[in-house]
Amino acid sequence: MTDSESDRILPAVTRRKMLFATTAYLSALAPGASHPSSDQESIAPGNVLALWRAWYDAHEEGKRLCHQQQRLETEVLKSAGGFPVLQLEIPGEDKPVVVRTCQEIDSWLPGDAMPEARKTAKSELAARIKKWNAADEQFGYSRTRHAETQIAGIEEASANSLWEAPALTTSDIIAKLHSIIETEDPGSHFKERPWPQLRIILADLVRIEHPA
């Protein structure tokens with residue numbers, strides 16, 4: 001990296017402000033829909049800004065669902081008292097074995113020598129699963145995880161459509177570059193090449209297209 005490049009590497013707060021400013025600039029050019037959609041066919045071919053909007057809406061919804069899923073997992077864990085698994089002390093094993101199903105219990109406690117141990121373990125595991133499922137239903141954790149998985153698929157498809165579309169204007173290039181940076185380095189933490197340079201290029205393009 002040259003001295004001139006080093007002088008232009010932006011601190012983390014400034015990098016995030018620059019990305020926020022880029023988002024605001026692109027959002028003004030491509031107003032958002034009411035909710036993310038998987039229908040890419042409704043977007044005219046080559047409409048890069050509309051493709052960026054579809055990707056960005058899915059990207060933001062994915063972040064929201066990720067945070068919600070993490071919060072709900074904490075609530076379910078607190079309510080259920082732990083994950084729906086069981087630790088077994090197995091003769092000959094140095095550490096307890098984690099099991100999640102009755103089949104795994106049968107595998108680790110086989111034969112006629114341990115029928116009571118199997119019965120006790122299965123009963124305890126069933127009780128833990130019941131508590132987990134009740135808490136899951138109460139807080140909607142699995143539903144949120146499913147929604148997060150769905151939106152991740154929409155985001156990936158939208159990103160691929162955006163990156164494959166030919167850019168015809170400077171704003172199109174800004175949209176594609178912005179999505180790549182946000183997708184690959186959402187926290188603006190990467191300091192090795194080419195990420196600082198890509199952020200500088202993005203800032204240059206926004207400044208050229210939309211002077212302050």
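Residues R199 and D185 have side chains in contact (heavy-atom distance under 4.5 Å, counting atoms from C-beta outward). A heavy-atom distance below 4.5 Å is found between the side chains of T183 and W163. Between L202 and T22 the shortest side-chain heavy-atom distance falls below 4.5 Å. Using a 4.5 Å heavy-atom threshold, the side chains of R143 and E137 count as touching. Looking at E73 and F83, their side chains come closer than 4.5 Å, going by heavy atoms from C-beta outward. Between C66 and Q70 there is a side-chain heavy-atom pair separated by less than 4.5 Å. Residues K122 and D106 have side chains in contact (heavy-atom distance under 4.5 Å, counting atoms from C-beta outward). Counting only heavy atoms from C-beta outward, the side chains of L88 and V98 never approach each other to under 4.5 Å.
Between the side chains of H178 and T23, at least one donor-acceptor pair of N or O atoms lies under 3.5 Å. Y25 and S171 share a side-chain donor-acceptor pair at under 3.5 Å.
For CZ of R118, the number of neighbouring non-hydrogen atoms (other residues, nucleotides, ligands) closer than 6.0 Å is greater than 12. Within a 6.0 Å radius of CD in E209, other residues, nucleotides and ligands contribute more than 12 heavy atoms. Remark: E156 CD is loosely packed, at most 12 non-hydrogen atoms of other residues, nucleotides or ligands lying under 6.0 Å away.
The hydrophobic clustering, which links ILVMFWY residues whose side-chain heavy atoms are closer than 4.5 Å, places L49 and I181 together. Residue Y141 is not grouped with residue L65 when hydrophobic side chains (ILVMFWY) are merged at heavy-atom distances under 4.5 angstrom, including chains of intermediate members. Hydrophobic clustering (side-chain heavy atoms under 4.5 Å, transitive across Ile, Leu, Val, Met, Phe, Trp, Tyr) groups V85 together with V76.
The only member of D136, I129, L125, T101 that meets side-chain contact (heavy atoms from CB on, under 4.5 Å) when paired with P84 is I129.
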Criterion side-chain hydrogen bond (donor to acceptor under 3.5 Å, both in side chains) on S179 and W52, from CA distance to verdict | CA-CA 7 Å; S179 70; W52 173 86; 5.8 Å; no

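For the pair S79 (side chain) and E75 (backbone), a donor-acceptor distance under 3.5 Å is absent.
Remark: L51 CG to S161 OG distance equals 6.0 Å, nearest 0.5 Å.
Between H59 and W55, the two ring planes are parallel [angle under 30°; tilted spans 30° to 60°].
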